[in-house]
Protein chains: 2
Amino acid sequence: MSSQRESEEDLLRLEEARNKFISEIAKNIHLYNISSSVGRLYGTVFFAETPMTLDEMSQSLGMSKTSMSTGIRALSEANMVERVWEKGIRKDLYKTEDDWYKSFSNVFITRWRNATELNMSAIKDSKKMMKELYNESNDESIKEKVDRDMEKLTKAEAYYEWLNEVVALFDTGEIFDIVPKKH
Amino acid sequence: MSSQRESEEDLLRLEEARNKFISEIAKNIHLYNISSSVGRLYGTVFFAETPMTLDEMSQSLGMSKTSMSTGIRALSEANMVERVWEKGIRKDLYKTEDDWYKSFSNVFITRWRNATELNMSAIKDSKKMMKELYNESNDESIKEKVDRDMEKLTKAEAYYEWLNEVVALFDTGEIFDIVPKKH
DNA sequence: ATCTTTGTACAGTTTTTCCTGTACAAACTT
DNA sequence: AAGTTTGTACAGGAAAAACTGTACAAAGAT
């Protein structure tokens with residue numbers, strides 16, 4: 001038999017244990033470009049026994065419902081939480097995406113693919129402008145400068161091509177042949 | 001022969017071509033947890049024909065020398081620029097690290113390794129607390145909750161182990177056997 | 001030893017980000 | 001149809017980050 005008092009103490013201890021992990025998540029989630037307090041939100045939903053409503057989150061974190069709304073949106077965009085349907089319940093319900101591999105890949109792939117593509121396209125533009133300048137200029141010192149710059153850009157380009165292939169490794173799931181998922 | 005006027009125009013065009021790339025870097029450098037204006041600083045040093053002093057950067061960007069100092073420190077910590085010695089020159093000189101693979105790896109590895117290790121250690125702590133609670137509690141509903149939480153944490157742990165191995169792939173350079181460097 | 005140059009710590013200001021409360025539209029209930 | 005409930009847009013306020021100028025210590029020049 002367990003007394004009421006004991007149970008309350010136990011619940012506090014459970015809270016404490018959960019909080020340890022939640023705090024760490026909050027500290028490191030900036031790697032996903034997500035703020036620390038939205039990280040706490042994630043942690044809260046992660047440990048929730050059932051999918052949570054915005055009001056429950058607000059209550060649990062002592063923050064406004066508006067913040068919960070924007071926080072959940074950020075987490076959704078990063079594929080870290082998802083909306084869940086339950087019949088008879090009018091409020092929106094959210095749970096954490098339980099495939100951690102998927103959320104990591106999603107964030108990593110989208111961010112880096114986007115960056116490499118934009119950078120590569122900027123390099124192409126810059127090179128094109130420089131080539132034209134090279135052909136049209138009569139100034140030797142300018143031509144030398146352009147030459148050096150183009151070389152630098154070509155090196156950068158090669159790197160971005162490499163990075164793009166690395167991203168593809170994750171995108172295709174090939175990475176899991178190299179480093180298998182753990183169970 | 002090239003006139004003075006022509007050369008000035010050419011220099012402007014070169015500036016413009018460089019700026020195209022610099023702006024793109026500035027836009028995407030937040031992926032390295034570096035602010036946009038420090039990204040411009042990076043780009044400026046990248047295209048400089050010789051290593052730059054803080055005063056030259058300040059002049060070139062129209063920003064305070066203090067900002068250059070802190071900006072360069074951030075870039076150094078990310079291994080994106082390095083200090084360079086030239087005899088007879090008293091001022092500190094900086095150039096960009098020209099091995100892009102190295103700077104990427106450095107940032108990626110340090111950040112993610114650090115995060116995974118802290119998270120794994122937090123998971124271990126949380127699990128330990130939960131195990132103790134499980135053994136000491138007499139409340140069945142608490143025990144169930146603890147059970148479910150531990151399962152969640154175990155899943156997260158497996159993921160972090162995987163991530164850690166992925167980081168090792170980059171750390172050891174093994175990644176270059178899988179996706180070879182471009183030339 | 002004195003004078004100059006150079007990088008950065010620090011305090012104050014500006015800009016940006018984060019958070020809240022109010023207000024309201026969309027959807028549901030009666 | 002009128003009345004509720006629920007999520008979010010938006011404006012204003014609080015907190016954090018970025019930037020600047022001043023001041024000074026360390027190192028170099030005279």
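The shown structure was predicted, so the numbers you read here are calculated from the model rather than taken from an experiment. Convention: sequence-line order gives letters A, B, ...; per-chain numbering from 1.
When each of T53(B) and V38(A) is assigned the nucleotide of DNA chain C bearing its nearest heavy atom, the one mapping closer to the 5' terminus is T53(B).
Aromatic ring orientation, Y160(A) versus W100(B): perpendicular (interplanar angle above 60°, classes split at 30° and 60°).
Here dA27(C) presents its C1' atom at 11 Å from CH2 of W85(A), a figure rounded to the nearest Å. Atom CG of N33(A) and atom P of dT17(C) are 11 Å apart (whole Å). At whole-Å resolution of the value, NZ in K65(A) and P in dA9(D) are 13 Å apart. One atom, CD of E77(A), and another, P of dT8(D), lie 11 Å apart when rounded to the nearest Å. At whole-Å resolution of the value, CG in D92(A) and P in dT5(D) are 16 Å apart. One can place CE of M68(A) at 16 Å from C1' of dT6(D), the figure rounded to the nearest angstrom. Atom CG in L93(B) sits about 13 Å away from atom C1' in dG7(C), given to the nearest Å. Distance NE2 (H30(B)) to P (dT16(C)): 17 Å, rounded to an integer number of Å.
Cation-pi geometry between K181(B) and Y101(B) is satisfied (NZ or CZ under 6.0 Å from the ring centre, within 45° of the ring normal).
In the displayed structure, K127(B) atom NZ is contacted under 6.0 Å by more than 12 heavy atoms of other residues, nucleotides or ligands. Remark: E132(B) CD is packed, more than 12 non-hydrogen atoms of other residues, nucleotides or ligands lying under 6.0 Å away. Counted within 6.0 Å of CD on E151(A), heavy atoms from surrounding residues, nucleotides or ligands total 12 or fewer; the atom is thus considered open.
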Strand DNA chain D in bracket notation, Watson-Crick/G-U under 3.5 Å with | for pairs to another chain: ||||||||||||||||||||||||||||||
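In this structure, R73(B) reaches the dA9(C) phosphate: one of its side-chain N or O atoms is under 4.0 Å from OP1 or OP2. Distances shown here put every side-chain N or O of S67(B) at or beyond 4.0 Å from the OP1 or OP2 atom of dA18(D). Within the structure, a side-chain polar atom (N or O) of S37(B) is placed less than 4.0 Å from OP1 or OP2 of dC19(D).
No engagement by T70(B) is indicated, since no non-hydrogen atom pair under 4.0 Å with the nucleic acid exists.
Listed for the K152(A) side chain is a donor-acceptor partner under 3.5 Å among the backbone atoms of F46(B).
Taking only distance into account, the side chain of T66(A) never meets the base of dG7(D) through a donor-acceptor pair shorter than 3.5 Å. In this model, no side-chain donor or acceptor of R90(B) finds a partner on the base of dT6(C) within 3.5 Å.
Between W112(A) and F104(B), the gap from one ring centroid to the other is short of 6.0 Å.
Nearest nucleotide to the M63(B) side chain, out of dT8(D), dG7(D), dC19(D): dC19(D).
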